[in-house]
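Just so it is clear, the structure is predicted and the values come from calculations on it, not from any experiment.
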Amino acid sequence: MAAHVAGVHPGPTLGRDVRRRHRARVLRFRTAGAALATALVAVTVPALINSGEPPKAQHAATGQDQAVMDLVVVPDVVGKPVAEAVQTLKQAGLVVEDPETATDTGSVRVQAPAAGQEVTMGTNVQLTVGREPSVPQDLGDLGDGRKLGGIHVGYLPDGLEWGKWSGKNGFGKTSYTTTFVEPGQPEGYYAVQVVVFAGEATKQVAQRLVRFSEEGAKTVDIRGKEAYLADVTEGGEVASDTTDNSEGSTSTIGWTLRKGLAVEVFISPDYAKKVDAAVELKKIAEGIEPVK
């Protein structure tokens, strides 16, 4: 749940549940959709609507019946206003199913799947909508990006720096997100994404804990709280085996920090190839504390 995150995947994902917003291929952030983003739009895993029907397949000029080609190339909509991005994707035969994203007024900071990928016609594209970091004042002190949404991030893997942006409500109402990147990474890519859920939004994490456990996710203890630790696909499901990670699943950990406050942390698929994702996620989680 790949690697852009700006006002959003994938999770995880920021996918069906997140984000997958938010999900560095080095991947684009997750948006709401995965555990964790996404964005990551795991990013995710939010409620979705269809932004439009894919275009009908065209026959060759000969008029003879031919097999319908159901693969399309994802256009690049990063930097475009959301309305324009949604229309561009619609014309390409793709959809944006998150109603909050589809009607947003910002610009796209991240998209998953990434531009240039070949996907099935009708595929949902998760968009992470960006705003200037200073806009959401309730995100707190963003001097180093480690305080947002009522938490403080204490531990990060060596060499990472703040991605210098933050997003609000990309993973559901009263959710907050930001990313940490490797120096020199292109804009829109991330190594670690943190999503904070407050109030009613925390129910998403509690529900994923139950569902992911049933799907075979590992559960770990984070300061006395049960957390799920899993690779989550773009569709918001626990990957069936470790090989799924190479196909874009996002290493994710999620737990309820306290009543009314929950957290998901994603490590992008590309960065997961450089570190022990499960170990690093647990360290990051153990270093996150509520801001008093």
Answer whether the closest heavy-atom distance between the side chains of [X] and [Y] falls below 4.5 Å.
X: Phe180; Y: Val194; result: yes
X: Ile284; Y: Pro157; result: yes
X: Val263; Y: Trp255; result: yes
X: Val72; Y: Val119; result: yes
X: Thr120; Y: Leu71; result: yes
X: Pro269; Y: Thr250; result: yes

For [X], which residues count as a side chain to side chain contact (heavy atoms under 4.5 Å, CB included) partner, sequence neighbours excluded?
X: Ala277; result: Ser251, Ile267, Ala272
X: Val279; result: Asp276, Lys283
X: Lys173; result: none
X: Glu84; result: Lys80, Pro81, Thr88

**Asked** Is Ser268 reaching over with its side chain to a backbone N or O of Tyr190, donor-acceptor style, under 3.5 angstrom?
**Response**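 It does hold such a pair.
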
**Request:** May I ask you to decide if Ala239's main-chain N or O and Asp231's side chain share a donor-acceptor pair within less than 3.5 Å?
**Result:**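 No, Asp231 side chain to Ala239 backbone: no donor-acceptor pair under 3.5 Å.
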
Please report the interatomic distance [atom1]([X]) to [atom2]([Y]), rounded to the nearest 0.5 Å.
X: Thr177; Y: Lys168; atom1: OG1; atom2: NZ; answer: 14.0 Å
X: Ile222; Y: Ile253; atom1: CD1; atom2: CD1; answer: 4.0 Å
X: Asp70; Y: Glu118; atom1: CG; atom2: CD; answer: 9.5 Å
X: Glu182; Y: Leu160; atom1: CD; atom2: CG; answer: 6.5 Å
X: Lys225; Y: Leu257; atom1: NZ; atom2: CG; answer: 8.0 Å
X: Arg258; Y: Glu289; atom1: CZ; atom2: CD; answer: 11.0 Å

**Prompt:** Among all residues two or more places apart in sequence or in another chain, which pass the side-chain hydrogen bond (donor to acceptor under 3.5 Å, both in side chains) test with Glu226?
**Reply:**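 Once residues adjacent in sequence are excluded, Glu226 has no partner under the side-chain hydrogen bond (donor to acceptor under 3.5 Å, both in side chains) criterion.
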
**Prompt:** Among all residues two or more places apart in sequence or in another chain, which pass the side-chain hydrogen bond (donor to acceptor under 3.5 Å, both in side chains) test with Glu200?
**Reply:**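 Glu200 satisfies side-chain hydrogen bond (donor to acceptor under 3.5 Å, both in side chains) with Lys203 once adjacent residues are dropped.
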
**Message:** Show, in sequence, the C-alpha distance, side-chain angles and deciding distance for Gln204 and Glu264, and conclude whether the side chain to side chain contact (heavy atoms under 4.5 Å, CB included) test is met.
**Reply:** CA-CA 10 Å; Gln204 298 180 52; Glu264 281 184 334; over 6 Å; no

**Prompt:** Would Leu127 and Leu89 satisfy side chain to side chain contact (heavy atoms under 4.5 Å, CB included), going step by step from the backbone distance to the final call?
**Reply:** CA-CA 11 Å; Leu127 303 179; Leu89 293 168; 4.1 Å; yes

**Request:** Verify side chain to side chain contact (heavy atoms under 4.5 Å, CB included) between Tyr228 and Val238, making sure each step is shown before the conclusion.
**Result:** CA-CA 10 Å; Tyr228 48 82; Val238 175; over 6 Å; no

**Message:** I'd like to know whether Val96 forms a side chain to side chain contact (heavy atoms under 4.5 Å, CB included) with Lys90, so could you lay out the CA-CA distance, the side-chain angles of the two residues, the decisive distance to 0.1 Å, and finally the verdict.
**Reply:** CA-CA 8 Å; Val96 177; Lys90 179 180 178 180; over 6 Å; no

**Passing option when Tyr155 is tested against Glu286, Arg146, Glu280 for side-chain contact (heavy atoms from CB on, under 4.5 Å)** =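 It is Glu280; the other options fail the test.
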
